[in-house]
There are 2 protein chains.
Amino acid sequence: MSHTLGIRQAQKQKTRQALLDAALGLLEEQSLSSLGLREVTRAVGVAPTAFYRHFRSTADLGVALVEEALGSLHPMIRTTVSSAGDSDQRIERAVGLIAHHVETHPAHVRFIARERHGGVQSVRQAIQGQLARFAEEVKAALAKDPVSEGWNDDDLLMLAHLYVDQMLMTASLFLDALEAPEEERRRVAQVATRQMRLISIGREHWLD
Amino acid sequence: MSHTLGIRQAQKQKTRQALLDAALGLLEEQSLSSLGLREVTRAVGVAPTAFYRHFRSTADLGVALVEEALGSLHPMIRTTVSSAGDSDQRIERAVGLIAHHVETHPAHVRFIARERHGGVQSVRQAIQGQLARFAEEVKAALAKDPVSEGWNDDDLLMLAHLYVDQMLMTASLFLDALEAPEEERRRVAQVATRQMRLISIGREHWLD
DNA sequence: CCATGCAGTTAACAACTGTTCTCTGGAATT
DNA sequence: AATTCCAGAGAACAGTTGTTAACTGCATGG
């Protein structure tokens with residue numbers, strides 16, 4: 001898209017991405033608040049001072065990682081929540097998509113789960129912001145569903161938040177079961193499916 | 001209870017507690033994986049090497065903090081879940097208890113929320129263990145409720161986990177709203193109450 | 001009362017951290 | 001072709017870290 005980058009800016013973006021990738025790797029066994037800038041540059045094979053050409057601090061890098069991890073997820077969220085089929089089919093499809101995303105982007109998922117309540121305020125805020133956007137999108141999708149007839153805005157949003165949090169919780173459980181035998185992963189999927197099913201049942205009887 | 005400690009062991013436990021308290025304070029604006037042992041001893045006013053008389057490492061101290069933060073919570077959980085009244089009354093009472101606990105032990109709550117998915121494995125495991133115990137206790141309480149007639153063990157446990165996670169999520173939201181005006185805190189309480197109510201409705205219609 | 005135990009101190013270590021300033025080579029601009 | 005720009009390198013800084021060893025003073029148990 002847009003314009004072809006000069007050989008110069010291209011190289012810059014390349015090392016920037018290398019810094020992001022290296023950081024994400026190092027963050028699998030520690031928190032952002034203990035990630036050192038030298039540690040990152042060492043992993044990339046670049047001088048410590050080069051870091052400053054791309055980020056003010058490791059906290060700044062963390063905010064960029066939030067964008068990378070969650071920014072591209074919005075289309076998936078939208079298509080998932082507003083997909084066709086009956087309630088059970090949509091739930092199973094959603095759980096499957098979560099499982100697949102955890103398998104293909106484990107480090108990103110771990111980073112979000114870890115730093116959502118982590119020790120770096122700016123990163124926490126960035127994650128909260130993205131999750132709030134998710135909730136708004138889920139709310140919009142729910143509003144279109146005939147089941148939501150008669151619901152007020154506050155209740156739609158509270159249900160949307162419940163779904164988003166449940167999604168994240170499920171992702172975290174899949175993450176813990178990544179190296180486990182498939183039996184365990186299927187158990188996680190089953191529990192998640194039933195929890196979402198229970199929530200959906202509550203939703204259907206909310207206005208009684 | 002038990003035996004009166006000698007003047008010696010009493011002093012030891014005193015500095016041990018001072019280390020735990022200082023660490024808990026420092027952990028309000030960082031994660032355990034970046035907490036330094038010297039940082040803690042400096043805050044207490046004691047020599048760095050004194051740390052080793054009590055803990056092998058900061059990770060070890062973290063495990064002790066998990067015990068302190070969650071160990072004493074089991075009786076509260078039990079009495080809450082198995083209290084009297086109809087569904088709505090019990091929910092409001094539970095949300096109120098959570099809010100109160102966050103107000104009286106904010107640092108403990110923050111620590112648990114932060115390190116549940118944090119960068120230190122042993123601490124994560126300790127928290128997972130305690131939460132699993134909570135879930136078992138909630139399950140036992142649910143099993144006694146007439147609403148749970150006909151439920152199998154797996155479903156009882158999946159519902160118990162849903163309640164426990166929802167409890168933690170609510171606690172974390174109360175934490176974020178601690179310094180906010182009361183209006184915001186009341187809004188959090190309202191959302192949490194309705195989410196639990198929706199879950200309870202789903203529970204009542206589970207076997208349909 | 002005396003010997004032992006042990007919580008906490010002192011000093012020193014090698015290794016590491018974030019940040020500054022100066023420099024360089026090559027792409028970008030004119 | 002000459003000039004400017006700038007991503008990255010290099011060296012040096014003051015300050016921090018975890019861990020070791022040998023110590024001191026005092027409560028404890030014989």
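Order of the sequence lines fixes the chain letters, A, B, ..., with proteins taken first and strands second; residue numbering starts at 1 for each chain.
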Which of residues 15-30 of chain B sit near DNA chain C, with a heavy atom under 4.0 Å from it? B:Thr15
With a cut-off of 6.0 Å (strictly less than), are more than 12 heavy atoms of other residues, nucleotides or ligands near CD of A:Gln128? yes
Between the side chains of A:Ser34 and B:Ser34, does any donor sit under 3.5 Å from an acceptor? no
Protein-nucleic acid N or O pairs under 3.5 Å, nucleotides 26-30 of chain D:
residue, atom, partner, partner atom, Å
D:dA27, N3, B:Arg8, NH1, 3.4
D:dT28, OP1, B:Ile7, N, 2.7
D:dT28, OP1, B:Arg8, N, 3.2

Could you tell me which residues satisfy ring-ring contact (aromatic ring centres under 6.0 Å, His included) with B:His101, sequence neighbours excluded, listed by chain and number? B:His105
Hits for side-chain contact (heavy atoms from CB on, under 4.5 Å) against A:Gln121, two or more places apart or cross-chain, chain-then-number order -> A:Arg124, A:Gln125
Can you tell me if A:Glu29 has over 12 outside heavy atoms packed within less than 6.0 Å of its CD? no
Verify the neighbour count for atom NE2 of B:His100: are there more than 12 heavy atoms of other residues, nucleotides or ligands below 6.0 Å? no
What is the distance from CG of A:Asp60 to P of C:dT19, rounded to the nearest Å? 12 Å
Measuring from B:Met158:CE to A:Arg187:CZ, what's the distance to the nearest 0.5 Å? 13.0 Å
Contacts under 3.5 angstrom, residues 37-47 of chain B side chains, donor-acceptor by atom type, not counting sequence neighbours:
residue, atom, partner, partner atom, Å
B:Glu39, OE1, B:Gly36, N, 3.0
B:Glu39, OE2, B:Gln30, NE2, 2.7
B:Thr41, OG1, B:Leu37, O, 3.3
B:Thr41, OG1, B:Arg38, O, 3.0

Roughly, in whole Å, what's the span from NZ in A:Lys12 to C1' in D:dG8? 11 Å
Rounding to 0.5 Å, atoms OG (A:Ser31) and CZ (B:Arg114) come to a distance of 9.0 Å
The reported gap from OH in A:Tyr163 to OG in A:Ser200 (rounded to nearest 0.5 angstrom) is 3.0 Å
Short of 4.0 Å, heavy atom to strand atom, which residues of residues 34-59 of chain B count as contacting DNA chain C? B:Arg38, B:Val46, B:Ala47, B:Thr49, B:Ala50, B:Arg53, B:His54
